[in-house]
Asks: 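Before I ask anything, let me first share the structure, which is written out below as structure tokens.
Naming: A, B, ... by sequence-line order, numbering from 1 per chain. Given the structure is predicted, the values throughout are model-derived calculations rather than measurements.
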Amino acid sequence: MFQDRLQAMLVPAVRAAFLDLFNQAPEAGAIGFQPTRPEFEGDATINVFPFLRLSGQGPEQTARAVGGHLVAHVPEVERINVVKGFLNIVISDAYWLTFLGETTGQDILQFPPTGKQVMVEFASPNTNKPLHLGHLRNIFLGWSVGRILGAAGNEVVKVQVVNDRGIHICKSMVAWRMFGNGETPQGSGLKGDKLVGKYYVEFDKVYKAEVAGLMAAGSTQADAEKKAPILLDAQDMLRRWEAHTPELRALWAMMNGWVYDGFNATYARAGVSFDRNYYESDTYLLGKEDVLKGVEKGVFFRKEDGSVWVDNTPEGLDEKVLMRADGTSLYMTQDIGTAIKRFEEFPGLARMIYTVGNEQDYHFKVLFIILKKLGFSWADELYHLSYGMVDLPGGKMKSREGTVVDADDLMDEVVAEARSAGEQLSKLDEFGEEEKSVLFEMIGMAALKYFLLKVDPKKRMLFDPKASIDLQGHTGPFIQYTYARIQSLLRKAGKLSTPTGQLAIDHYRLLPEEKVVIKLLHQFPAVLNESATKLDPSALANHTYDLVKAYNTFYQTVPVLKEEQEDRRAFRLALSMSVASTAKKAMWCLGMEVPERM
RNA sequence: GAUCCCGUAGCUCAGCUGGAUAGAGCACCUGCCUUCUAAGCAGGCGGUCGAAGGUUCGAAUCCUUCCGGGAUCGCCA
């Protein structure tokens, strides 16, 4: 494990310095190093202001004294300088070179196994319409968090809940029966999820027309919205579905089958998969018993009408219904049951993460409190990975207004953009058509994924279609490009390269451009750790960009293969190799691939 | 009304467990391909960190109030 190596070395040294000099030392946790700002000389900086009470001296004196002690006792500390209360520490080149030497050829972004099993739920679509941009943010996020947790040493179980039953499906079913004329994906060539979505839209059109008609005939709006015949049909269908009417179940299974084919195509293209699917049709009756047990335990209470409630006012929330008066269940009831079921199925689960939009913050807050009240020990290990909505330049996405960005269309678009940009550069002459398609797919998808993942998940984000297909600057393709560039170097290096072990570590003077890159590599494990802890891929995404950005500066300033001195050339190749392999692993964590050439 | 999230450059975002002159990308302007991939590099332009108070040696970062945007508070999922 390489994270925070420097910190691990310096913190005890600073404490030792304080003890020797002033007979008392700050708590280890209170000592925080930060990277030295570029305008000063140094690699690590500590601010001694908080410790002046311990030293009883002024900031400059304290910093100098501690710094002097470090220089004398820590071989890796080469020299120091003091600016006001800031103690800037210069770490020896030997330290950085040793770090690089020890880690070359190793995966610094793979931590040892923790022995923990973590479940990540994401995607969780409804089966009445195709996936859209919002799903993509969810899917990329959940997938990436799973990968990151895996890199951090956990065993990850990826799951989705498929909302395959309910009034929404019945709406599509009703409309398909009325207007479908037996249309199938095979017959029409339409992707299954698109076909079912089409009838969902069809339903809504008819419904609106009927509501308008009823209102024209004198109904109130509220009344009309409840009495529209097509809606009554759908409600009736739901009841008969719940009664297991065979003919309806068959229709339902057929249409859902179409949707799954469509979803699977989208998932495959997005590069994601699941270890376990939970179908709501299997789980929607779960949780009732648990709620009733809660009543017995006195954790929940019944109102006069027989409905069951939980009182969360002690937690600063409201009362919440868990079961209707007629004994039927609700969304919350199901979620209670599903969580319990999962922990039964996976007894070793240490954590469960729900990747769900922030409009459900309240729901999950309540869910977790309820499970805790029911006495489940694992209730504290539940986490709602809440992310913000994706806005379009024109405002919010609204499916009814046709302003949704379809996931498949979007992926087509970014890949087409990658193709047109790539062909303009005309450096892919030796690529076959097949190879080109693979490459453009890889590049386009990286542009899209990086665009969605570089932003802090909890923030609402603006999706600018033009910016998302950008291939320059702070983008996925920029990272891919740097990787391909290094691969080209390494191919050309061929047998020229000499093992880094031959580098005379004690005599090599690092160039500033080299040192910046090594330091970013050195920090990388700590960044992975941060991303894993915060369940936030954006930290990793941004650091990967910083790394390759610094590498590009190095690349364009310092000769690698052209370097005459063999040991320098070998060192620079080793550095390049480490950047490439680390960037590749980081991209893997983000769900993106990197090409050997582009 | 209550609760939660957000407000940093023209635009999109970093930075937020308090630290030095607030950073990138895009856009716009200048340079750099007869040396390793120019999807690149170097430089310029651009900021009262929503506002006001407070805590502190020190605040974009912590606290309070206010303003602005959004979400939630359904016996919908």
Asks: Using the P atom as the reference point in each nucleotide, state the distance between B:G23 and B:G40 in Å, no decimals.
Replies: 23 Å
Asks: Any N or O donor-acceptor pair linking the side chain of A:D464 to the base of B:C11 at under 3.5 Å?
Replies: no
Asks: Would you say A:K84 reaches B:G19's phosphate, i.e. side-chain N/O to OP1/OP2 under 4.0 Å?
Replies: no
Asks: Answer yes when A:D326 and A:R324 have at least one side-chain N-carboxylate O distance shorter than 4.0 Å, and no when they do not.
Replies: no
Asks: Between A:D193 and A:K129, does any side-chain N to carboxylate O distance fall below 4.0 Å?
Replies: no
Asks: Taking atom C1' in both B:C28 and B:G46, what distance in whole Å separates the two?
Replies: 10 Å
Asks: Would you say the side-chain atoms of A:Y450 pair up with the backbone N or O of A:A541, donor to acceptor, closer than 3.5 Å?
Replies: yes
Asks: Flag this pair as yes if the NZ/CZ of A:R165 is under 6.0 angstrom from the six-membered ring centre of A:Y284 and inside a 45 degree cone about the axis; otherwise no.
Replies: yes
Asks: Quick check on B:U37: is either OP1 or OP2 less than 4.0 Å from any side-chain nitrogen or oxygen of A:Y555?
Replies: yes
Asks: Taking atom types as modelled, is there a side-chain donor on A:E513 or A:Y555 under 3.5 Å from an acceptor on the other?
Replies: no
Asks: Which nucleotide wins on minimum distance to the side chain of A:L330, given the candidates B:A77, B:U72, B:C36?
Replies: B:A77
Asks: Does A:F40 lie flat on the base of B:A20, that is, centres under 5.5 Å apart and planes under 30° off?
Replies: yes
Asks: Taking any heavy-atom pair under 4.0 Å as a contact, classify A:L425: base, sugar-phosphate, or nothing.
Replies: base
Asks: Using the C1' atoms only, state how far B:U35 lies from B:C41, rounded to an integer number of Å.
Replies: 15 Å
Asks: Is there a donor and acceptor pair, one atom on the side chain of A:D470 and one on the base of B:A39, closer than 3.5 Å?
Replies: no
Asks: Indicate yes or no: does A:D361 engage A:K365 in a salt bridge with an N to O separation below 4.0 Å.
Replies: no
Asks: Considering every strand and a 4.0 Å limit on heavy-atom distances, what is the contact class for A:M461: base, sugar-phosphate, or nothing?
Replies: sugar-phosphate
Asks: Between B:U48 and B:U3, how many Å separate the two C1' atoms, rounded to a whole number?
Replies: 32 Å
Asks: Do A:E121 and A:R342 sit within salt-bridge range, that is, some charged N less than 4.0 Å from a carboxylate O?
Replies: yes
Asks: Compare side-chain N and O positions of A:K492 against OP1 and OP2 of B:U37 and report whether any pair is under 4.0 Å apart.
Replies: yes
Asks: Is it the case that the ring center of A:H543 lies less than 6.0 angstrom away from the ring center of A:F524?
Replies: yes
Asks: On a whole-Å scale, what distance lies between the C1' atoms belonging to B:U8 and B:G47?
Replies: 8 Å
Asks: Does A:K459 place a side-chain N or O at less than 4.0 Å from the phosphate oxygens OP1/OP2 of B:A14?
Replies: yes
Asks: Mind checking whether A:Y481 and A:F478 have ring centres under 6.0 Å apart?
Replies: no
Asks: Reckon A:R460 has a side-chain N or O less than 4.0 Å from the OP1 or OP2 of B:G7?
Replies: no
Asks: Going by an N to O cut-off under 4.0 Å, is there a salt bridge joining A:R572 and A:E514?
Replies: yes
Asks: Let's test your reading of the pairing rules: Watson-Crick or G-U wobble, both distances under 3.5 Å, then write RNA chain B as a dot-bracket string with ( ), [ ], | and dots.
Replies: (((((((..((((.....[...)))).(((((.......))))).....(((((..]....))))))))))))....
Asks: Listed in order of residue number, which residues of residues 477-488 of chain A have a non-hydrogen atom at under 4.0 Å from RNA chain B?
Replies: A:F478, A:Y481, A:A484, A:R485, A:S488
Asks: Are A:F451 and A:F463 an aromatic pair by the rule of ring centers under 6.0 Å?
Replies: yes
Asks: May I ask you to evaluate whether A:K549 reaches the phosphate of B:G25, defined as a side-chain N or O under 4.0 Å from OP1 or OP2?
Replies: yes
Asks: Using the C1' atoms only, state how far B:U55 lies from B:U65, rounded to an integer number of Å.
Replies: 15 Å
Asks: Quantified in whole Å, what is the C1' atom distance between nucleotide B:C33 and nucleotide B:A38?
Replies: 6 Å
Asks: By nearest atom, which of the nucleotides B:C75, B:G19, B:A39 is closest to the A:M598 side chain?
Replies: B:A39
Asks: Determine the interatomic distance between C1' on B:G70 and the same-named atom on B:A52; round to the nearest Å.
Replies: 24 Å
Asks: For the side chain of A:L561, counting heavy atoms from C-beta on, which of B:C36, B:A38, B:U3 is nearest?
Replies: B:C36
Asks: Would you say A:T553 places a side-chain N or O within less than 4.0 Å of OP1 or OP2 belonging to B:A42?
Replies: yes
